[in-house]
Amino acid sequence: MSYQGPTPGQPDPWSNPDQPTSGQPTSGEPAPGGPASSQPTSGQPHHDATGPGGYPPPPPPGPYGAPGYGPSGYAQPGYGQPGYGQIGQYPPSQDERNMAMLAHLLGIVSGLVTGLLFLGPLIIYLIKKDESRFVRHHSAEALNLTLTGMIVTIVASIVGCVLSLIVVGFFVFLLLIPYGILLLVYLIIAAIAANRGEWYSYPNWLRFPMVS
């Protein structure tokens, strides 16, 4: 009995399943008169053509521009600029620099003349504290340092007098000499920094923040 072929509406059992039937498109090719197939052909990556190169477009920038930058209109502080970059700091004028330098130097002069280290910085602080933030900062720093120096000197003198009964107090008085030299060096360093326009601050271990 010879094979007559498949009846209409039934698949051919003798046909190759990998061979496309007549009238059907191959994988990845659009059918005649129909929409293109959404499946990619073998070996070709599939991209959504929504941006350059077929990749999705980048997300829109935030309200302040690109990430990592501050709000528009606010300049970011540059690197390598001494004295600037913190909130409330600004480049001082030459007059402000001179008065700030004088606040530190007067601490040395008043200490040598009257023995009161804080007298000179106190005068500059009271005169300029409401006129210039830069001068106020430096005069307050000098005032804190000199007041701390006076307190340390008075306490060390009392302790030295008490301990002098057992001879140890003599060495306490000797310690005041390098301490006075240390204060003198830091006053000069601060005066130079003020003349350069830097917002210099003394080390925390050297002075107590009593005035701001």
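Both backbone and side-chain heavy atoms feed into the values below; hydrogens, waters and symmetry mates do not. Note that the coordinates shown come from a computational prediction; the quantities given were computed from them, not determined experimentally.
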*Can I154 be reached from L145 by stepping across I, L, V, M, F, W or Y side chains whose heavy atoms are under 4.5 Å apart?*
no
*Residues in ring-ring contact (aromatic ring centres under 6.0 Å, His included) with F118, at least two apart?*
none
*Do you know the tightest heavy-atom contact between T148 and L206?*
CG2-O, 3.6 Å
_Same apolar cluster: V135 and I123, side chain cutoff 4.5 Å_ = no
*Do any N or O atoms from the side chain of N144 and from the backbone of P209 form a donor-acceptor pair under 3.5 angstrom?*
no
*asked:* So, taking the atom named CG in L143 and the one named NE2 in H138, what distance separates them when rounded to the nearest 0.5 Å?
replied: 14.5 Å
_Within 6.0 angstrom of Y179 OH, more than 12 heavy atoms from elsewhere_ = yes
_Taking the basic N atoms (NZ, or NE/NH1/NH2) and the acidic carboxylate oxygens, is any pair closer than 4.0 Å for R133 and E96?_
no
*What residues, two or more places apart in sequence or in another chain, satisfy ring-ring contact (aromatic ring centres under 6.0 Å, His included) together with Y200?*
Y202
*Which heavy atom in G149 sits nearest to a heavy atom in L183, and how many Å separate them?*
CA-CD1, 3.9 Å
*So, do M210 and I151 sit near enough that their side-chain heavy atoms are less than 4.5 Å apart?*
yes
_Co-membership, hydrophobic cluster, residues L182 and L175, 4.5 Å side-chain_ = no
*asked:* So if I apply the side-chain contact (heavy atoms from CB on, under 4.5 Å) rule between S110 and each of I108, L112, T114, which one comes out positive?
replied: T114
*Stepwise side chain to side chain contact (heavy atoms under 4.5 Å, CB included) test for N195 and Q94*: CA-CA 8 Å; N195 189 41; Q94 187 60 46; 4.0 Å; yes
_Using 0.5 Å steps for rounding, measure from the CE atom of M99 to the CD atom of E131._
8.5 Å
*Group every Ile, Leu, Val, Met, Phe, Trp and Tyr by side-chain heavy-atom contacts under 4.5 Å, then state whether L117 and I188 land in the same group.*
yes
*For the atom pair CG (N98) and CE (M101), what is the distance rounded to the nearest 0.5 Å?*
5.0 Å
*Given the rule that I, L, V, M, F, W and Y join up when any side-chain heavy atoms are under 4.5 Å apart, are I158 and F208 in one cluster?*
no
_Closest contact, heavy atoms only, A103 versus P121_ = O-CG, 3.3 Å
*Does the H137 side chain pair with the main chain of S132, one donor and one acceptor, at a distance under 3.5 Å?*
no
*How many angstroms lie between CZ in R136 and CD1 in I127, if you round to the nearest 0.5 Å?*
14.5 Å
_Closest non-hydrogen atom pair, S212 against Y125_ = O-OH, 2.8 Å
*After noting the C-alpha distance and the side-chain angles of S201 and R207, does the key distance pass the side chain to side chain contact (heavy atoms under 4.5 Å, CB included) rule?*
CA-CA 10 Å; S201 296; R207 57 99 172 99; 4.3 Å; yes
*asked:* Please give me the minimum heavy-atom distance between Y186 and W205, naming the atom from each residue.
replied: OH-CZ2, 3.8 Å
_I need the minimum non-hydrogen distance between A194 and H104, along with the two atoms involved._
CB-CD2, 4.3 Å
_Could you tell me if the side chain of L105 sits less than 4.5 Å from the side chain of L187, heavy atoms only?_
no
